[in-house]
Amino acid sequence: MSILQGEGAEVSEKEDPISSRVTGRRAAMTPPRRRAFISREMCGDMAAALVIMIVTGAAFAALPLAEDVLIVNNVAVNSNPVLLLCTGLLAGLALAEALRQGGYFRFDQLLAPWETVRGVIWRWGLTLLSLIALFYGFGMAQYLSRPWILGWAFLATFGLGAGRFGMAWILKKLSLEGRSLCRKIAVVGTDEIADLFIERAREKESGLQVVTRFTAEEMAVSGQGAMERAQKLVEAGQLDDVILCLPDVDKAQMNQLIRRLSELPVHVALCPDQFWLDRGPSNITSIGSMPLMTMHRRPLHGWANVVKLVEDKILGSLLFLAALPIMALCVLAIRLEGPGPVFFIQHRQGFAGEIFPIVKFRTMRVMENDGVVKQAQKDDARITKVGRFLRRYSLDELPQLWNVLRGDMSLVGPRPHALSHDEYYMQIIADYAFRHKVKPGITGWAQVNGFRGETADDETMKARIRYDLAYIENCSLWFDLRILIMTIAAVIMPKNAY
């Protein structure tokens, strides 16, 4: 894919035969590219039809597993294959609609099977369980053969996964340069925004070819030849979209340009500035009928917030009860070692910067909770003998389960730092305060990736913050469970903990 530099420049004759056709010098060698019978918009409907066929076909393939005779009210009833096939069709229709509502039939999603197959299988499981519950609710569960259900579930799961990857492979082949689903675009603009758009477009969509670039002046003013070249590209089937990358054009010139482009039978879209390039389609929202772009969003809202709350309360309660015997032994060991309080309470920043008292087992001979808090270091003389063992295996953090039950913390989230450390790092790390967009956690994505304990320099803290922000952007129940499982390994085989 070649992009010529300069205003109004097109792809060179050597690199792209389109310009030779437009100039008429190689018309005999470059036949018109016929407009594809199948468009990208149609691929979503085909994918939905494939889902319905896979689920229904799996129901048919599992029929040999259906029991020949079922007992209903002490009366023998033959298994009805028509009923089972209708059940498969109903499930296929319901799953296709669920996937459509979730955006799984968008062309970009069809090209990314590794990122979407888990969501497809998850929705298939929910559809199957809902259907079974429906049969039980109407007193018809006896008509569903259990071996058939298991066989149907397995075959459909395998088929949906294989179909997702197979369709992605086909679409990627058809999206190669010059193929029927290759998206050919023209960019209007010559500044850095246009260059950035082309760079990002190449990164995010392989089936894309920029065939030419125009300046705003030559497109808006008649007699410059730009519209004529664009028209010939359309007639040759070599232009699908025109993208306007003109952040500095005034309203009158933009309206004139859009009116002229409305004559072409192509999609015309606007890329107003860099912010639109840095954020994906999920950031487009609206208030009333006004389209807006979300610059920052709450990481947890709606059902995600409810799931996080349930996770912390239920799983936190179970872990708290399970940890009570261990915490009792910790209390006994601290008491036997010598005088002093069992618990150490220090103020930390939580959600939205709210200050809360964090509870830990005392592991040092000092109780620092003022403007100067020194981090624990290797062979730190302040750490007691019992405290060294507790810190090594993170047993000193167990009382924070009480903070989770109180609502100050979550099981998983960015680890809270001392207030003096927060003040210092906020001055040197630009995105440091973003950590407070969620509740702090007992464990976190940074900790299970080796950034646990002392941060000896600013670069180490910056690396930890990158992991914290990555968690905030992608937090989910499954991500939390993954971190909790990884925490077990991190505690059993501790690194950088003293």
Side-chain angles (χ1 to χ4, degrees), residues 273-275 277-279 283 293-301 308 344-360 362-383 391 394 396-397 400 403-404 406-475 479 483 490 495-498:
D273 51 45
Q274 183 176 345
F275 292 112
L277 299 176
D278 292 336
R279 287 160 175 81
N283 290 79
M293 167 169 287
T294 302
M295 305 307 296
H296 295 290
R297 65 174 68 247
R298 291 173 54 192
L300 295 172
H301 63 281
K308 185 73 168 178
F344 169 52
I345 299 177
Q346 190 179 62
H347 293 118
R348 302 285 175 93
Q349 283 196 67
F351 176 69
E354 181 181 358
I355 306 300
F356 72 96
I358 193 172
V359 185
K360 303 174 66 174
R362 183 178 63 85
T363 59
M364 290 187 174
R365 297 179 177 88
V366 297
M367 303 284 284
E368 296 176 341
N369 191 23
D370 51 24
V372 178
V373 177
K374 184 180 179 181
Q375 289 186 338
Q377 302 174 342
K378 190 174 183 179
D379 300 324
D380 198 319
R382 300 172 299 168
I383 302 177
R391 295 176 72 93
S394 298
D396 61 319
E397 313 287 357
Q400 291 167 35
N403 285 112
V404 173
R406 277 170 43 93
D408 300 324
M409 299 177 63
S410 291
L411 291 175
V412 180
R415 283 293 298 162
H417 301 147
L419 296 182
S420 59
H421 297 164
D422 282 339
E423 294 177 3
Y424 171 74
Y425 288 116
M426 281 184 185
Q427 302 301 319
I428 63 174
I429 302 178
D431 298 334
Y432 184 88
F434 289 2
R435 303 171 76 251
H436 302 140
K437 295 171 71 172
V438 297
K439 290 181 181 180
I442 296 179
T443 184
W445 185 231
Q447 282 64 45
V448 298
N449 280 280
F451 293 94
R452 174 187 175 197
E454 181 190 11
T455 50
D457 51 59
D458 295 343
E459 292 303 318
T460 303
M461 178 59 78
K462 290 179 181 179
R464 176 186 287 185
I465 298 305
R466 285 197 296 270
Y467 277 98
D468 288 339
L469 297 182
Y471 168 77
I472 292 173
E473 291 295 324
N474 300 281
C475 54
F479 199 9
I483 293 173
K495 297 179 181 179
N496 194 33
Y498 35 81

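The first residue in the sequence is number 1, and the count goes up from there.
A 4.5 Å side-chain heavy-atom check between Lys439 and Asp408 finds every atom pair outside the cut-off. A 4.5 Å side-chain heavy-atom check between Val412 and Lys308 finds at least one atom pair inside the cut-off.
If you take CZ on Arg464 and OH on Tyr432, they are separated by 8.5 Å, rounding to the nearest 0.5 Å. Rounded to the nearest 0.5 angstrom, Asp468 CG and Lys437 NZ are separated by 13.0 Å. Rounded to the nearest 0.5 Å, atoms CZ (Phe356) and CG (Asn403) are 5.5 Å apart. Note that the NE2 atom of His347 and the OG atom of Ser420 stand 13.0 Å from one another [nearest 0.5 Å]. Going from atom NE2 of His436 over to atom CG of Asp422 covers 4.5 Å, rounded to the nearest 0.5 Å. The CG atom of Asp396 lies 12.0 Å from the CZ atom of Arg362; values are rounded to the nearest 0.5 Å.
In this structure, Arg348 contributes its side chain and Pro416 its backbone to a donor-acceptor pair below 3.5 Å. Between the side chain of Arg415 and the backbone N or O of Ile442 there is at least one donor-acceptor pair closer than 3.5 Å.
Classified by interplanar angle (parallel below 30°, tilted 30° to 60°, perpendicular above 60°), the ring pair Phe479/Trp445 is perpendicular.
Nearest heavy-atom pair across Arg435 and Leu469 is N-CD2, 4.4 Å. Taking all atoms of both residues into account, the shortest heavy-atom contact from Cys475 to Ile472 is SG-O, 3.5 Å. The minimum heavy-atom distance linking Phe344 with Gln346 is given by the pair CZ-NE2, 3.7 Å. The nearest pair of heavy atoms linking Ile429 to Ile465 is CD1-CG1, 4.1 Å.
For the residue pair Tyr424 and Asp458, a side-chain donor N or O sits within less than 3.5 Å of a side-chain acceptor on the partner.
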